[in-house]
Structure formats: structure tokens, C-alpha cells
K.L.:
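Let me give you the structure first, and then I'll get to my questions.
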Amino acid sequence: MASKWTARIAAALAAPVVAISFSGSAWASDHAARLNNPSVNCRGSIGGPHEVATLYFVDSTDTFRLWDACADGHGVRSQVQGADIINGSWVTMRPGTHYVAGDGVSTQFNIPGGVPLGSAFRMRVCTVDGAGDTTPVACSGWTSLAG
């Protein structure tokens with residue numbers, strides 16, 4: 001009789017385990033792209049006296065925040081790109097391109113639908129001479145975001 005119960009317990013323990021997972025917004029860590037210019041002195045800038053612009057990504061809410069950190073005569077523009085899954089090229093996300101100007105002026109925006117899990121994104125921030133300027137004065141390096 002004991003071997004019958006031992007066999008039942010062994011069978012129950014050997015039953016397959018079903019793993020359930022949920023998808024949602026990416027949540028790993030926040031990221032920032034910062035642009036510094038050693039030739040300016042912006043007292044009071046959060047990132048230090050040479051920080052002129054910051055693009056910050058808040059992972060828990062999939063929100064981008066763009067700051068013009070310095071009254072240096074230039075506005076700032078964000079650029080967010082996603083990887084094309086077919087050919088691997090980088091594609092600029094139109095909702096990811098925003099412009100602000102003025103010391104301490106900021107805006108925030110989201111990519112519609114959020115940053116998809118498992119996708120590759122990158123971002124940078126540039127100084128520009130006006131909202132219509134398509135040739136940046138200077139840009140930060142690219143900061144990678146993994147969805």
C-alpha cells in the first residue's frame with residue numbers, strides 16, 4: 001500500500017509546470033542622454049555648469065523628458081530611433097522628435113503604445129538654431145534602450 005501512495009506522490013510531483021508570463025511596459029532602468037559644452041558656464045544647471053541639454057527616459061512609464069538646461073543661444077531637439085526588424089536600419093520615430101528652447105524649459109512625451117518589449121531603441125539630444133533647423137550644432141552620443 002505504501003508503494004502505491006509513493007507512486008502517486010511521485011507522479012504528482014513530476015507533473016509539468018506551466019509558467020505564466022505577462023507582457024507590459026518595459027521596466028529595467030531609466031536612461032539619460034546628456035549634452036555638455038565645456039565652453040559655456042550654466043550656473044544652476046542640474047547636471048553641472050557645462051550641461052546644455054538632457055533627454056531622459058523613465059522606463060516605468062515609457063516617458064521621455066527633454067530639457068534645455070542652459071541659456072546658451074540654442075534650442076534643443078530630441079531624437080528617438082527604433083531598429084527596423086526587417087533590415088536592421090535605424091528609423092527615426094516621429095513622436096520622438098521634439099524641440100524646446102529657453103533656460104530650464106522642458107517637455108515630456110511618449111511613443112504611442114510604449115516601448116515594445118524585446119525591441120531596440122536609441123536616443124540622443126542635440127542643440128539646434130530654431131525649431132526648423134535640420135542641421136544640429138552638436139549632439140550627445142546615442143544612448144541604447146532595450147524594450
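Residue indices begin at 1 and follow the sequence shown. On a predicted model such as this, the values are computed, not experimentally measured, just so you know.
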K.L.:
Using residues 86-93 as the side-chain source, report each donor-acceptor pair under 3.5 Å to any protein atom, sequence neighbours left out, with the distance given to one decimal.
P.N.:
from  : atom 1 : to    : atom 2 : distance (Å)
Asn87 : OD1    : Ser89 : N      : 2.9
Asn87 : OD1    : Ser89 : OG     : 2.8
Thr92 : OG1    : Gln79 : NE2    : 3.3
Thr92 : OG1    : Gln81 : NE2    : 3.2

K.L.:
Can you name the nearest heavy-atom pair linking Ser39 to Asn37, along with the distance?
P.N.:
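Taking every non-hydrogen atom into account, OG-OD1, 2.7 Å.
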K.L.:
Quick one: pull up CG in Asp59 and CG in Asp30 and give me the separation to the nearest 0.5 Å.
P.N.:
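One gets 6.0 Å once the value is rounded to the nearest 0.5 Å.
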K.L.:
Measuring from atom CZ of Arg77 to atom OG1 of Thr134, what distance do you get when rounded to the nearest 0.5 angstrom?
P.N.:
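So the CZ of Arg77 and the OG1 of Thr134 are separated by 7.5 Å.
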K.L.:
Using the side-chain contact (heavy atoms from CB on, under 4.5 Å) rule, take Val76 and Ser78 through it: C-alpha gap first, then chi angles, then the decisive distance, then the call.
P.N.:
CA-CA 7 Å; Val76 299; Ser78 62; over 6 Å; no
K.L.:
Is the shortest side-chain heavy-atom distance between Phe57 and Asp62 below 4.5 Å?
P.N.:
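Yes - at least one pair of side-chain heavy atoms lies under 4.5 Å apart.
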K.L.:
If you look at every heavy atom in Leu66 and His98, which pair is closest and at what distance?
P.N.:
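The pair with the smallest heavy-atom distance is CD2-O, 3.5 Å.
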K.L.:
Tell me, please, which residues at least two apart from Ser106 pass side chain to side chain contact (heavy atoms under 4.5 Å, CB included).
P.N.:
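By the side chain to side chain contact (heavy atoms under 4.5 Å, CB included) rule, Ser106 matches Trp67.
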K.L.:
Hey, what else clusters with Val128 if you join Ile, Leu, Val, Met, Phe, Trp, Tyr whenever side-chain heavy atoms sit under 4.5 Å?
P.N.:
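Other cluster members: Tyr99.
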K.L.:
Please state whether the rings of Phe109 and Phe64 are parallel, tilted or perpendicular, taking 30° and 60° as the class boundaries.
P.N.:
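Phe109 vs Phe64 ring planes: parallel.
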K.L.:
Is it true that a side-chain atom of Asp68 and a backbone atom of Gly102 form a donor plus acceptor pair closer than 3.5 Å?
P.N.:
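Yes, the answer is positive, given that a donor and an acceptor are paired below the 3.5 Å cut-off.
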K.L.:
Could you tell me which residues satisfy side chain to side chain contact (heavy atoms under 4.5 Å, CB included) with Ser140, sequence neighbours excluded, listed by chain and number?
P.N.:
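Ser140 satisfies side chain to side chain contact (heavy atoms under 4.5 Å, CB included) with Ala33, Leu35, Arg124, Val125 once adjacent residues are dropped.
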K.L.:
Can you name the side chain to side chain contact (heavy atoms under 4.5 Å, CB included) partners of Val137, sequence neighbours left out?
P.N.:
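Residues passing side chain to side chain contact (heavy atoms under 4.5 Å, CB included) with Val137: His74, Thr127, Asp129.
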K.L.:
Once side chain to side chain donor-acceptor pair (under 3.5 Å) is applied, do any residues pair with Asp133, and if so which ones, sequence neighbours excluded?
P.N.:
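Side chain to side chain donor-acceptor pair (under 3.5 Å) check on Asp133 returns Thr135.
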